[in-house]
S.K.: 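The structure follows.
Order of the sequence lines sets the chain letters (A, B, ...), proteins ahead of strands, with each chain counted from 1.
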Amino acid sequence: MAAKPIKVMANSADLLNALADNGPMSVVDIAEAISMPRPSVYRLLDALEHVELIGIREDGRAQLGTQILHLASASLQGIPEVSAARPAMARLNELTGQTVYLCAVRNQLVTCLDWVKGTKVTLLLLNPGGTLPPHAGATSRAIMAWDDQLRHSVTASAPLQAITPNTLTTAEQVEADAKIIRERGFSVSDQDVTVGVAALGVPLFDSHGVLRGALSVAGLRDDVLPRQDEFIALLQEAAKETAAKL
Amino acid sequence: MTEATDPSGGMNLVTKSAAVLRAIAEAGELTVSELAERTAEPASSLYRLLSTLQAIGWVEDGSRRGKTRLGLDFVRLGAKLEAQLDLRDLARPELERLHAATGQTSFLCIRRGLRAVCIDRIDGLDVQIHNLRLGESMPLGQGAAPRAILAFEIPEVVQCYLRDLPEDELFGPVAHNAEELRRLLAETASAGVAVAHSDWGQGIGGVGAPIFNHTGAVVGALSISGQTHRVFHSDYDPVAMVQSAAATVSRALGAIQLPEAHLPAVESGAV
């Protein structure tokens, strides 16, 4: 008896994850995706629809419910960095037109806490709640430059995974990169996560000088790199404004 | 088929979990005893439930010992859902309904910079509106749908609009200067709808209503336009129809607040 309720919730989580990955799904598809008999799928959909975690569309397919959006907002509100950075991020986006990211370390991975999408392109590789390895991307490398513990555990596991030909893979590369970033105060990610995409990152310290995460501006390479000086100045201003609230 | 022993198949656990999530969402983070108070569930069963929810990523440890907050997993799920919710798909049935009921040209617009772009439209039955064809845009201060968007935008957008656009683009036939435009935006914001008896020149009028998302931000507008006497002197109420269509789309995007609850951009945006 003790194991079954847990199974119901595990099935619910599997169902929500399947809907997140696939978009709207029919009962038949769901039954197959989460290995559940169809009558049970109906019961689960009923229960989840009742609490608005899923919605049933006019065509009968299930999709994630709008309650998810409110839980996502509430989850973000519980993270101090997010509310502190939000106005600065909105302004960065308005001024640069590029995608603005706020990331922090969770379980040894750099996790995207929040973003403001660029006006020109939507970057698909890193979305809120998604993660990057610490050695790739502007926020990751800005964090790792100042987080010695994280950097040591990363370099200890080298060679690192090459996401593109530009990704740092050796311990020497990571250490040299961290040194340059600490010297000039910002990171430059040139196609080390996605070919054609570049980003600039700055670390986010709180008013006690504790590293809390990083901010970045990301977009198509030709939109970002030629405006490096301008974007870095804006990023540093945003980081300063955010830090004052932490 | 172990579920046969329990007619609900454990589904009441889904309901309990949702109540727990809602309580935590409202409070930010809670201890088990605080949660017990708010959900009327015994602490002993909450301990079990929370450990299950933690295992599936729906909750996590809070900032202090003994506190629980929502899991970052919802941020991931929410971002995926937002990407799946397509404004044009969701608005299309409402656009068709508006067109069928009024016979007027019906528009769906979104903001791009300081202009409103038409991303869907259905032509009217008796006149053809040459403005704002599919993919075309207008300055945010002109026309019913663009103004419905601008009136609910953050103050910075209004300020940028008045600062960055050349004088001859800024204003339409209805507002001739910044002061008039601000007044018009304030009216639009407090009414929750943009009504123009003659906006695009002689005899053409329209009604535009904003569409909001789950955060209360304006993401677009639905509107109808046509000969003023047709739009405003028919057997239907054009304002109520456009507002209700826009509200339906807002609900599908997860909006809970109605436009009235929204802070008008212009009041706080006075330079």
S.K.: Would one find more than 12 heavy atoms of other residues, nucleotides or ligands at under 6.0 Å from atom CD of Gln236(A)?
M.R.: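 Buried by this count: over 12 neighbours within 6.0 Å.
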
S.K.: Checking Glu94(A) against chain B: side chain, backbone, both or neither under 4.5 Å from a heavy atom?
M.R.: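 Contact with chain B is through the side chain of Glu94(A) alone.
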
S.K.: Looking at Ala20(A), Gly130(A), Ser12(A), which makes the most heavy-atom pairs under 4.5 Å with chain B?
M.R.: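 The candidate making the most pairs under 4.5 Å is Ala20(A).
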
S.K.: If you define the side chain from C-beta out and look only at heavy atoms, does anything of Met11(B) sit under 4.5 Å from His50(A)?
M.R.: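 No, too far: nothing below the 4.5 Å cut-off.
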
S.K.: Does the pair Glu82(B) and Lys117(A) meet the rule for a salt bridge (charged side-chain N to carboxylate O under 4.0 Å, His left out), with working shown?
M.R.: CA-CA 12 Å; Glu82(B) 261 187 83; Lys117(A) 276 186 274 185; 5.4 Å; no

S.K.: Looking only at heavy atoms and a cut-off of under 4.5 Å, which of Asn17(A), Leu19(A), Asp46(A), Asn127(A) has the most pairs with chain B?
M.R.: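 Heavy-atom pair counts peak at Asn17(A).
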
S.K.: Identify which part of Glu58(A) has an atom lying under 4.5 Å from any heavy atom of chain B, answering side chain, backbone, both or neither.
M.R.: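 Neither part, no heavy atoms under 4.5 Å.
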
S.K.: Supply the atom-to-atom distance Thr119(A) OG1 to Arg112(B) CZ, rounded to the nearest 0.5 angstrom.
M.R.: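 With rounding to 0.5 Å, OG1 (Thr119(A)) is 7.5 Å from CZ (Arg112(B)).
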
S.K.: Can you list the residues of residues 69-78 of chain A that sit under 4.5 Å from chain B, counting heavy atoms only?
M.R.: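 Near chain B, by residue number: Leu69(A), His70(A), Leu71(A), Ala72(A), Ser73(A), Ala74(A), Ser75(A), Leu76(A), Gly78(A).
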
S.K.: Give, for atom CZ of Phe74(B) and atom CG of Leu16(A), the distance between the pair rounded to the nearest 0.5 Å.
M.R.: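 Result: 7.0 Å between the selected atoms.
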
S.K.: Which answer fits Arg106(A), side chain, backbone, both or neither, if we ask what part of it has an atom under 4.5 Å from a heavy atom of chain B?
M.R.: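 Side chain of Arg106(A) only, per the 4.5 Å heavy-atom cut-off to chain B.
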
S.K.: Around atom CD of Glu32(A), are there more than 12 heavy atoms from other residues, nucleotides or ligands closer than 6.0 Å?
M.R.: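 Result for CD/Glu32(A): open.
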
S.K.: Show your working on side-chain contact (heavy atoms from CB on, under 4.5 Å) between Thr111(A) and Val75(B) and close with a plain yes or no.
M.R.: CA-CA 11 Å; Thr111(A) 304; Val75(B) 176; over 6 Å; no

S.K.: Kindly check if the number of other-residue, nucleotide or ligand heavy atoms within 6.0 Å of CZ (Arg57(A)) is above 12?
M.R.: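 Yes, because the 6.0 Å sphere around CZ of Arg57(A) holds more than 12 heavy atoms from other groups.
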
S.K.: Between Leu53(A) and chain B, which part of the residue has a heavy atom less than 4.5 Å away: side chain, backbone, both or neither?
M.R.: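 For Leu53(A), the contact with chain B is made by the side chain alone.
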
